[in-house]
Amino acid sequence: MVGTKCKTCGKVFFPPRSVCPHCRRNGKIVEYKCSGKGEVLTFSVIHSASDQYAAMKPYVLAIVELEEGTRMTTQIICEPEEVYIGMPVKSVFRVLDREGTEGIIHYGTKFVPNLA
Amino acid sequence: MVGIITYGAYIPRYRIKVEEIARVWGGNAAEITGGLGVIEKAVPDYDEDTATFAVEATRSALCRRIVDPKEIKAIYVGSESHPYAVKPTSVTVGEAIGATPVMTAADYEFACKAGTAGIQTAMGLVGAGMMNYAIAIGADTAQGAPGDALEYTAAAGGAAYVIGNDDPIAVISHTCSFSTDTPDFWRREGADYPRHGGRFSGEPGYFKHVIGAAKMMLADMGTKPSDYDYAVFHQPNAKFPQKAAARLGFSQDQIKTGLLVSRLGNTYSGAVPLGLAAVLDVAKPGDKIFITSYGSGSGSDAFDITVTDAIHDKIDRSRGPTVDAMLADAKYLDYAVYARHKGKIKT
């Protein structure tokens, strides 16, 4: 997971930002590799999904706070009854969506429980 | 000496039992399980495919040992279930590990032996001094038509090998191959599922090539089966590798660590790479490993491998999940949910 970090204030951004919203012109943005570890800040269980995600329902959508402090909305791959606020999670590489049977396949980051 | 710098494996969490598949298709579960020696098989999640297995296995390898991704100049992914018919899986892996853009990459296909063919290519590039590191991956989400004999075993998973020559954890002393045009198993462009020649895939397919390559290796190296601590053979079921081992003079004890098929199923291009990963999970310096893959169509690649002290000093195996731990972390599906997972139900 490659994000960015503002060397002026130390804040980490994922997805990467090219300008620090806090320091603005005084910010100095550099590439930063996130650990991929964090915890569930809050979550929702999706029972009524759009067509491309229908096969996965019910699934867990959460806001995850990474160790570096940045937050992102992401899917947690687990049963809906397993997830809880504060659950430690780690990033995995998965298919995000497929444009039908003939279009592009989008890959990216999702999260799984990191209980071990 | 060229060898394995680090390795990683990936097995999805879901499983279906052979008896559950037999229940749906009216098969005799005890007869099928007994005949194949397979109890259950690994099934991918909805959002998993060969590319996600390849990335997870490679990341696990790079967690175990720090290798500068910019020094990785080649990536080969062997599979018969690449997500695209045209567009390489290997560059997806390259991007995910930060090895792009100064690298070469290509996808391989040779039924179940495309992963070991990738290892041979990586050995050649490193051995020729063209690069420090090359990655070879064998991974598959194997397909079997509903109700076909293949459906009982067609499984999912893969393993990745970083090949190089600075302090390898295992030296690959020699590799040799035995290949002929033998149409025992195939899938035409656009077909969803492979077809096969049934029993024809045994003697003229699997046994001729596996035994051909294995005997060539023993002759080339001047070794005998008892010189090896472990042996891994391609494992479409449990019977074939046990029979091949017995014919060659390897004991059941030598093959048991790398024989995963009864709990994993046949992961096609992932099968021998995963079997070798299971051996490396427990191997100690000095152990000798004999490998022979098989890909229908047909060919076998054999390898003579010796584990070095670097397996203790240069790599932290605990930083990646072991094959055994991933096999133990199983979640069972019934046939209906399995069919949904595999996309066998079209919506």
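A note on names: the letters A, B, ... follow the listed sequences, proteins ahead of strands, and every chain is numbered from 1.
- In A:Lys33, the NZ atom is not crowded: 12 or fewer heavy atoms of neighbouring residues, nucleotides or ligands sit closer than 6.0 Å.
- Residues of residues 101-112 of chain A lying under 4.5 angstrom from chain B, judged on non-hydrogen atoms, are A:Gly103, A:Ile104, A:Ile105, A:Tyr107, A:Lys110 by number.
- Heavy atoms only, all atoms of each residue included: A:Lys57 and B:Arg340 are closest at O-NH2, 3.6 Å.
- Every pair passing ring pair (Phe, Tyr, Trp, His ring centres under 6.0 Å) that includes a residue from residues 56-77 of chain B is listed here, sequence neighbours excluded: B:Tyr76-B:Tyr108.
- Of the residues considered (B:Thr92, B:Val55, B:Asp49, B:Asp47), B:Asp47 shows the highest number of contacts with chain A, using heavy-atom pairs under 4.5 Å.
- For A:Leu96, no part lies near chain B; criterion is any non-hydrogen pair under 4.5 Å.
- Enclosure of atom NZ in B:Lys73 by more than 12 non-hydrogen atoms of other residues, nucleotides or ligands within 6.0 angstrom is indicated.
- The NZ atom of B:Lys331 sits 9.5 Å away from atom SG of A:Cys78, with the distance rounded to the nearest 0.5 Å.
- In this structure, no portion of B:Ala85 lies under 4.5 Å from any heavy atom of chain A.
- By the 6.0 Å contact criterion, CD on B:Glu71 is enclosed, its count of non-hydrogen atoms from other residues, nucleotides or ligands being greater than 12.
- Between B:Tyr46 and A:Ala55 the shortest heavy-atom distance is CZ-O, 3.3 Å.
- Residues A:Arg94 and B:Tyr10 share a closest heavy-atom pair of NH2-OH, 3.6 Å.
- When every heavy atom of A:Val95 is checked against every heavy atom of B:Thr52, the shortest pair comes out as N-CG2, 3.8 Å.
- In B:Lys70, the NZ atom is crowded: over 12 heavy atoms of neighbouring residues, nucleotides or ligands sit closer than 6.0 Å.
- The local environment of CD in A:Glu31 is sparse, with at most 12 non-hydrogen atoms from other residues, nucleotides or ligands closer than 6.0 Å.
- The contact between B:Glu48 and chain A is made by backbone and side chain atoms together, counting heavy-atom distances below 4.5 Å.
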